[in-house]
2 protein chains.
Amino acid sequence: MTEDAFLADYDPSRYPAVAVTVDVVALTIRDGVLHVLLVERGEAPFQGRWALPGGFVKVGEENLDQAAARELAEETGLSSPSRVHLEQLASYGDPGRDPRMPIISVAYLAFGPEMPDPRAGSDASDAAWVPVASLGLTASGAQPPGATRRLAFDHARILSDGLERARGKLEYTPLATAFLPGTFTIPELRAVYECVWDEALHAGNFHRKVLSVPGFIEGTGDTTASGGRKGGPRARLYRAGDARLLHPALLRPASEEDIR
Amino acid sequence: MTEDAFLADYDPSRYPAVAVTVDVVALTIRDGVLHVLLVERGEAPFQGRWALPGGFVKVGEENLDQAAARELAEETGLSSPSRVHLEQLASYGDPGRDPRMPIISVAYLAFGPEMPDPRAGSDASDAAWVPVASLGLTASGAQPPGATRRLAFDHARILSDGLERARGKLEYTPLATAFLPGTFTIPELRAVYECVWDEALHAGNFHRKVLSVPGFIEGTGDTTASGGRKGGPRARLYRAGDARLLHPALLRPASEEDIR
DNA sequence: AGAATAGTGTCTCTAAGACAGTATAGA
DNA sequence: TCTATACTGTCTTAGAGACACTATTCT
């Protein structure tokens, strides 16, 4: 049988089919605090609980990246080709993760500069940027039962994986700049690292270090119009450089527990 | 509407469905050369071309990890709970990647010690460990038209992504030991790094470095029964330690092209 | 004036890499 | 005996972190 004949004869219904969704872990920084975009579910299952924005992939029409970009744009109201970084995170397919039917979810991770408040989509009664710390996530991706906003499905686990990926990405890629506008100061860049890593960094050493990494940032020649809120000189302005990887990397101090 | 009522009323056919497969990039080292497990396709499409082992997920019965372990076991004939490392790689869902119908493929990456020759599965006319270098993959995941074994679907891209992931994993995790039997020598461990990274390493410095990383390897007190093939003293034997991450990491020398 | 901050200088310590050297095995 | 190899010693250099210090801005 030729391949053409085979295709003409083909019956897709012979194969098991599943619904596939994309879910987006969209992170941004507001007022120096890491936030994630969540939607409040207006329908069962998990009605009234909060979930990652997402939806069904338009099979045959779009690829996974496009589906994720579409979902993110629908929730944030942002036009897609903005300065947002979007990358695939992982896929989740445990039986029973959705009580309705088997669903495979391809999760994406997005970083963006401070964005406007989202508008609620069709299937969400509300949508908001929520401080990640307010969700009380544990390292294993669990969420205590008493949390004010409890996440639906296995989204606490997905968010936890996304946060861990984000922390790692800041070490060896210049993606911290994706959280900032087109020009920024080194103290602003340091604030990104501090709130994603949740660790205080030494200002002087950080300053010297980011300048020493080739292609990380490049100066614009300008400075901020005024000093900081509590005083201090005007800071020089920088934009993102052309490096795709940081070398040497900015490693966060590893604790003994992380290693074993 | 209560959640129970909703579920009773639910009609899954309202949602778009896709077939979901798992494909496994299984790597091992034979005679000092990195090999990947491939199957020759016995059916259209891509009949006679080589592909990564994989198959449809048994929806509702197994999760993605279990599906990948099952497919790998079916192809290699190995019982699952062996010393093989298996982790999710990424998902691929471009429209048209399978000419029959839309298919989302969740790719997995496996490392294992030298394994027996595979047996052909039901839908494969042949299966074999193939030297990765013989496929002529380019960095972008393309394959030259004149290659002796041309890969089906987008499997050249998936394999390329898997190789890049493997190279990175050796830097900051102790997974190089997954390519070796339960006890091994430091020169054997070095050979793993050299053939995955495709770079010669300095024997003396490598030796000192792996011993200095806490929890990477631990001595057994024994040595090999005889020296090397071309002479030299007996090497001490080690087993994998309890570290999950290497700190400090074993970084491969970064070239300027990788960074920009 | 006082406090906070941007940015630089300097010192110490760790770790990577280059290289040399010794001991032990096979041919 | 000759060669290859396991393993160790030593030197140099890069880079991370601690600390100090100056200059600039806000209150």
Side-chain angles (χ1 to χ4, degrees), chain A residues 32 170-172 180 183-194 197 199-214 216-238 245-256 259, chain B residues 32 170-172 183-194 197 199-238 245-256 259:
Chain A
L170 259 50
E171 292 191 282
Y172 57 93
L180 296 170
T183 64
F184 50 85
T185 68
I186 291 181
E188 287 167 348
L189 183 62
R190 175 165 48 86
V192 172
Y193 277 90
E194 289 182 327
W197 286 354
E199 286 188 79
L201 299 177
H202 187 287
N205 288 338
F206 180 87
H207 192 105
R208 182 164 356 114
K209 191 155 157 177
V210 297
L211 286 178
S212 78
V213 177
F216 190 4
I217 58 174
E218 52 190 31
T220 65
D222 288 335
T223 68
T224 53
S226 62
R229 292 181 181 180
K230 304 183 196 163
R234 300 174 181 189
R236 287 201 268 266
L237 287 168
Y238 297 84
L245 294 173
L246 301 184
H247 191 81
L250 278 83
L251 301 176
R252 51 189 160 148
S255 59
E256 189 65 21
I259 295 172
Chain B
L170 292 205
E171 292 191 283
Y172 57 94
T183 64
F184 50 86
T185 68
I186 290 181
E188 286 167 349
L189 183 61
R190 176 164 47 85
V192 172
Y193 277 90
E194 289 182 328
W197 285 353
E199 286 188 78
L201 299 177
H202 187 285
N205 289 339
F206 180 88
H207 192 104
R208 191 191 3 246
K209 192 155 157 176
V210 297
L211 286 178
S212 78
V213 177
F216 190 4
I217 58 175
E218 52 190 30
T220 65
D222 287 335
T223 67
T224 53
S226 62
R229 292 181 181 179
K230 303 183 198 164
R234 300 174 181 188
R236 287 200 269 265
L237 287 168
Y238 297 84
L245 293 173
L246 302 184
H247 190 81
L250 277 83
L251 301 175
R252 52 189 158 145
S255 58
E256 190 64 23
I259 295 173

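Just so it is clear: chains get the letters A, B, ... in the order the sequence lines come, proteins before strands, and each one is counted from 1. When reading the values below, keep in mind they use all heavy atoms of this one structure, side chains included, and skip hydrogens, waters and symmetry mates. Everything quoted here is computed from the prediction, not taken from an experiment.
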Heavy-atom closest pair (B:L170 atom, B:Y193 atom, distance to 0.1 Å) is O-OH, 2.9 Å

Upstream residue (5' side of DNA chain C) when B:G231 and B:L251 are each assigned their closest nucleotide: B:L251

Closest-nucleotide mapping onto DNA chain D: is B:R229 or A:S226 further toward the 5' terminus? I mean the 5' end. B:R229

Looking only at heavy atoms, which two atoms of A:P214 and A:H247 are closest? And how far apart? CD-O, 3.3 Å

B:T185 near the nucleic acid: base, sugar-phosphate alone, or nothing, with a heavy-atom cut-off under 4.0 Å? nothing

Touch class at under 4.0 angstrom, heavy-atom based, for A:R208 against every strand present: base

Taking any heavy-atom pair under 4.0 Å as a contact, classify B:A249: base, sugar-phosphate, or nothing. sugar-phosphate

Quick one, B:F184 and B:V192 - any side-chain contact, counting heavy atoms below 4.5 Å? no

For DNA chain D, which nucleotides open and close the run of contacts to chain B, 5' to 3', at under 4.0 angstrom from a non-hydrogen atom? D:dA4 to D:dT10

State, with a plain yes or no, whether a side-chain heavy atom of B:D222 is found less than 4.5 Å away from one of B:T183. no

For A:L250 and A:F216, the nearest pair of non-hydrogen atoms, with its separation, is CD1-CE2, 4.2 Å

Describe the nucleic acid contact of A:S212 in one word from base, sugar-phosphate, nothing, applying a heavy-atom distance below 4.0 Å. nothing

Considering the options A:E171, A:E199, A:E194, which one meets the salt bridge (Lys or Arg N to Asp or Glu O under 4.0 Å) requirement together with A:R252? A:E171

Which heavy atom of A:V210 sits nearest a heavy atom of A:L189, and at what distance? CG1-CD2, 4.2 Å

At the 4.0 Å heavy-atom cut-off to chain A, mark where contacts on DNA chain C begin and end, going 5' to 3'. C:dA4 to C:dT10

Partner of B:I217 under side-chain contact (heavy atoms from CB on, under 4.5 Å), picked from B:T185, B:I186, B:L237, is B:I186

